[in-house]
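What follows is a short report on a single structure.
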Number of protein chains: 2
Amino acid sequence: MLKEERHQLILEEVTRHNKVRSAELCRMLKVSEDTVRRDLKELADQGIVRKVHGGAVANSLIPQEYREHTIDHIGQKRAIAEKALSLVQDGQVIIIDGGTTNFELVRLFPESLQATVFTNSIPIAGELCSHHGIELFLFGGKVLKNARVAVGMDVLHFLSELYADICFIGTRSLHAGLGISTTRREEAQVKRKLAEVSAQVVALVTSDKIGTLQPFRVVELEQVHTIVTELPPGDPMLKPFLDRGVEVL
Amino acid sequence: MLKEERHQLILEEVTRHNKVRSAELCRMLKVSEDTVRRDLKELADQGIVRKVHGGAVANSLIPQEYREHTIDHIGQKRAIAEKALSLVQDGQVIIIDGGTTNFELVRLFPESLQATVFTNSIPIAGELCSHHGIELFLFGGKVLKNARVAVGMDVLHFLSELYADICFIGTRSLHAGLGISTTRREEAQVKRKLAEVSAQVVALVTSDKIGTLQPFRVVELEQVHTIVTELPPGDPMLKPFLDRGVEVL
DNA sequence: AAAAAACACGCAAAAAACTGCAATTTTGTT
DNA sequence: AACAAAATTGCAGTTTTTTGCGTGTTTTTT
């Protein structure tokens, strides 16, 4: 195995878990501890990781608290949110699902916007509390703590009595053939219902999620009216969606 | 576990609760007390925390005064929350109403606490999302943006199917003759229901609210089992409550 | 004042890191 | 192709770091 390959893998591991143990790497890469140590030293000299006794940690020694703010692909997400902003209008009833991209969207809501928002996301609700023009409703239920959203029968029940003009659906995976899918059944149920009661369904999604698949189907592509990505609408990656009649921003 | 990891976790804990007990860390990190002590010493030497007997406290870069002003009477509220902490136990079903004093209470929840929490408060839900031991349920409904709580029929409906061991009720006004009252009818409705379905009703309240009155009645004093203030239980201000058989911490 | 909890110091075992060195592979040049 | 220089890798021995434990001291609580 090439040294560069090892460095690549180490980097992957360290960005993924924020730490690495030398012993683990040693097993993983099938090289001696010395080699691992030397690799780590090189990466440390480049300032990419910080070497500690027993392994290395990601060089963002910014405490956990800030990690919430260091959202992946933040630039992309903000660009998407800006495009999506053109879809919301005064007087609408808007459903906003969880997810960091959607969070960026509500942060961009102008102070002048007058609308009614329903959400199952705790951070989004918190953010909108300080927005004067928004009338805010929260879906209650069991909370998925990692996603910070409510799920369960109560949400479904609440939704069954609702009609919305537009729904921004959080999107983990988007596939031209198979539509939107996600990692948890409860989440999928809720998302499906969100889409069902909305006149327009919008998916804000970074391009790295396009073409991927998760175990639980949310909705078919036919039920998605608009997708917004950071790519220009003409990008070949988006061709399949345009062909199927989806609006692409 | 890497030493750096421990340091990270300790830091998280200390920024979260503003303090940390060595014994707690010891359980949490599965290392000996000596190791914890050494960790704390290192962090203290770096000026990140301040070591005190029994643990460490945050060495806040933000001057104390600033924080004092962000929440009124923060010192009092924290003192109250600390007293109230003795009321919560593993395995309980806990309802927590909104309010800054209640927020301080959940911030003090030890990492080891295992319980089921129901809340209508968005900030409290957000805080508890990063608490491993808590199973969290959120009451949905219309959001009162200034209080950041959900109210309305949906909350009442949710509550009608629930029994809780203990309820911490947010208290704007507490009067020995007339019980708890508040400024909005919708809030009062919800609070009354919260109290109704709970075996023990606790009011965390700063002394400046004692004897005041608001337009909407929440519950009579007979329905309040425990009140917690920053005053010593023997304070004459609390005499009327003791006389009426309310437990006072 | 007594008991309990927290602390500090030193020690020893284990793990990890460093050092120098030799074997092997890669690279560059004639 | 041939050969030398450079880089890479693993090994053995030594040093450093980490960690838990025992012992005794200090601090806190009752």
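As a basis for the values below, the full set of heavy atoms in this structure was taken, side chains included, without hydrogen atoms, waters or symmetry mates. Naming: A, B, ... by sequence-line order, numbering from 1 per chain.
B/Arg184 pairs by the side chain to side chain contact (heavy atoms under 4.5 Å, CB included) definition with B/Leu144, B/Asn146, B/Glu186, B/Glu187, not counting sequence neighbours. B/Phe109 pairs by the ring pair (Phe, Tyr, Trp, His ring centres under 6.0 Å) definition with nothing, not counting sequence neighbours.
In this structure D/dT23 sits in a base pair with C/dA8, meeting the Watson-Crick or G-U test at under 3.5 Å.
Residues from residues 28-41 of chain A with heavy atoms under 4.0 angstrom of DNA chain D, sorted by number: A/Val31, A/Ser32, A/Asp34, A/Thr35, A/Arg38.
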Kindly give the atom pairs (protein nitrogen or oxygen, nucleotide nitrogen or oxygen) under 3.5 Å for nucleotides 23-30 of chain D.
none

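Contacts of A/Arg6 with the nucleic acid, taken as non-hydrogen atoms under 4.0 Å apart, involve only primed sugar atoms and P, OP1 or OP2.
Using modelled atom types, one finds a donor on one side chain and an acceptor on the other under 3.5 Å when comparing B/Glu247 with B/Thr226. Using a 3.5 Å distance cut-off with no hydrogens or angles, the side chains of B/Lys209 and B/Thr171 do not pair a donor with an acceptor.
Listed for the B/Arg148 side chain is a donor-acceptor partner under 3.5 Å among the backbone atoms of A/Gly126. Counting only distance, with no hydrogens or angles, the side chain of B/Lys83 and the backbone of B/Thr229 share a donor-acceptor pair below 3.5 Å.
Positionally, the nearest nucleotide of DNA chain C for B/Ala23 lies more toward the 5' end than for the other of B/Ala23 and A/Val52.
Nucleotides of DNA chain C with any atom under 4.0 Å from a heavy atom of chain B span, from 5' to 3', C/dA6 to C/dC9.
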Report task. I would like to know whether B/Leu29 and B/Thr35 meet side-chain contact (heavy atoms from CB on, under 4.5 Å); could you show each step before the answer? Result -> CA-CA 10 Å; B/Leu29 306 169; B/Thr35 303; over 6 Å; no
In residues 237-246 of chain B, what donor-acceptor pairs under 3.5 Å come from side-chain atoms, sequence neighbours left out?
| unit_1 | atom_1 | unit_2 | atom_2 | d |
| --- | --- | --- | --- | --- |
| B/Lys239 | NZ | B/Asp243 | OD2 | 3.3 |

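B/Val31 and B/Cys26 get closest at one heavy-atom pair: O-SG, 3.1 Å.
How far CG of A/Leu138 is from CG of A/Asn120: 8.0 Å, rounded to the nearest 0.5 Å.
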